[in-house]
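Counting starts at 1 for both ligands and their atoms, in listed order. Since the structure is predicted, the reported quantities are computational estimates derived from the model, not experimental observations.
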Amino acid sequence: MNSAVARKRMVAELVKRGITDQRVINTMLELPRHIFVEEAMAAQAYSDGSLPIGEKQTISQPYIVARMTELLALTGREKVLELGTGSGYQAAVLATLADRVCTVERIRPLAMKARKALDSLRLLNVNLKIGDGTEGWPEEAPFDAILVTAGAPALPECLVEQLAPGGRLVIPVGDRVDQKLLVIRKAADGSVTREEADDCRFVRLIGKNGWNDE
Ligand code: SAM
């Protein structure tokens, strides 16, 4: 099966599962996910599952990528922060749907591979940094949207501070195995609301304001 046909099937599954944001749907129809995984796994790139990317980390399941992106309600004008670059696929989705993306990965070899994949798609609006994302990226703040793609024990307050008025933050919060997506919204007057969305299961967010073990 060629990759365009495989993507069409994958996206049809996402729509069946409730994804409705047409911009997210169009982006995931277009973006090649297979270039973000090891060549040996390319055949599985369009199944709705997470896959290992080395360093005991994973590329997230397409459904959760679509769902988290949909929750950010991007219009194309936003500056977005992603914590946990991993393979770079989620950053590529965000870069296609927003104006600028800042993304942070703590594991250097993953960051290097992700940069290569993003460059191969000429996604030049992605600024990638190696470091501890649990502190956000204060020099680049404020952000219109923040997406955390690793599971945190609690919401790091510094991320709420780095959110612009009108901004949205989506983060999986829970224990080491199971989490719930938290959606934080900052109103124009600076007041903050929080809402719980889907159950999920992410690798751990490790760092100063995350889990403090390996
Ligand atoms: N968004 C990724 C993608 O599209 O492939 C998937 C992310 S993977 C589930 C989680 C990533 O978060 C891992 O690559 C891990 O190294 C990274 N990570 C964990 N703690 C981090 C931290 N404090 N700062 C930055 N990255 C972190």
Under 3.5 Å, is there a donor-acceptor pair between the side chain of Ser47 and the main chain of Gly49? no

Among Ile130, Ile59, Thr149, which one puts a heavy atom closest to atom 10 (C) of ligand 1? Thr149

Give the contacting part of Glu105 toward ligand 1: side chain, backbone, both or neither, where contact means a heavy-atom distance below 4.0 Å. both

Atom CG of Leu169 and atom CG of Leu182: how far apart are they, to the nearest 0.5 Å? 8.0 Å

Look at atom 3 (C) of ligand 1 and find which of Gly136, Ser87, Ala92 reaches it with the closest heavy atom. Ser87

Between the CZ atom in Arg9 and the OH atom in Tyr46, the distance rounded to the nearest 0.5 Å is 14.0 Å

Using 4.0 Å as the upper bound for N to carboxylate O, is an ion pair formed by Lys113 and Glu38? yes

Atom 24 (N) of ligand 1: which protein heavy atom is closest, and how many Å away? Gly133 N, 2.8 Å

Hey, which atoms in ligand 1 end up nearer than 4.0 Å to a heavy atom of Leu110? 14 (O)

Roughly how far apart are Leu147 CG and Leu181 CG, rounded to 0.5 Å? 9.0 Å

So does Glu139 have more than 12 non-hydrogen atoms from other groups sitting under 6.0 Å from CD? yes

Salt bridge Arg185-Glu195, side-chain N to carboxylate O under 4.0 Å: yes

Atoms in ligand 1 with a heavy atom of Val203 nearer than 4.0 Å: 8 (S), 9 (C), 10 (C)

Does the N or O separation between Phe202 and ligand 1 drop below 3.5 Å for any pair? no

Val104 heavy atoms within 4.0 Å reach ligand 1 at atoms 25 (C), 26 (N)

Out of all atoms in ligand 1, which are within 4.0 Å of some heavy atom of Arg204? Include the element for each. 19 (C), 20 (N)

When you compare ligand 1 with Gly84, is there at least one nitrogen or oxygen pair between them that comes in under 3.5 angstrom? yes

Is it true that Asp178 and Arg201 have a side-chain N and a carboxylate O under 4.0 angstrom from each other? yes

Show which atoms of ligand 1 fall inside a sub-4.0 Å distance from at least one heavy-atom site of Thr85. 1 (N), 2 (C), 3 (C), 4 (O), 5 (O)

Before signing off on this row, confirm whether Ser60 and ligand 1 have an N or O atom pair separated by under 3.5 Å. no

Derivation and outcome, salt bridge (charged side-chain N to carboxylate O under 4.0 Å, His left out), residues Asp48 and Arg17: CA-CA 11 Å; Asp48 191 20; Arg17 287 195 64 184; 3.3 Å; yes

Heavy-atom proximity to atom 26 (N) of ligand 1, picking from Gln90, Gln61, Arg108, Arg106, points to Arg106

Can Lys79 and Glu140 be counted as an ion pair, charged N to O under 4.0 angstrom? yes

Note: Asp199-Lys180 ion pair, threshold 4.0 Å (strictly below): yes

Would you say Val65 touches ligand 1, if touching means a heavy atom closer than 4.0 Å? no

One finds that the ligand 1 atoms under 4.0 Å from a non-hydrogen atom of Gly131 are 24 (N), 25 (C)

Would you mind listing which atoms of ligand 1 come within a distance below 4.0 Å of any non-hydrogen atom of Thr58? 6 (C), 7 (C), 8 (S), 9 (C)

Measure the distance from atom 13 (C) of ligand 1 to every protein heavy atom, then report the residue, atom name and distance (to 0.1 Å) of the closest one. Gln57 OE1, 3.3 Å

among protein heavy atoms, the one nearest atom 23 (N) of ligand 1 is Ile206 O, 2.6 Å

Mind checking whether Glu82 has a heavy atom under 4.0 Å from ligand 1? yes

For ligand 1, find out whether one of its N or O atoms is nearer than 3.5 Å to an N or O atom of Leu83. no

May I ask whether Glu55 places a heavy atom under 4.0 Å from ligand 1? no

Check whether any heavy atom of Ser50 sits under 4.0 Å from an atom of ligand 1. no

Distance under 4.0 Å to a non-hydrogen atom of Ile107: what atoms of ligand 1 satisfy this? 16 (O)

For Leu128 and Ala114 the tightest heavy-atom approach is CD1-CB, 4.2 Å

Can you find a side-chain donor-acceptor pair between Thr69 and Gln90 that sits under 3.5 Å? yes

Just so I know, are the side chains of Leu81 and Thr103 near enough to count as touching, which here means a heavy-atom distance under 4.5 Å? no

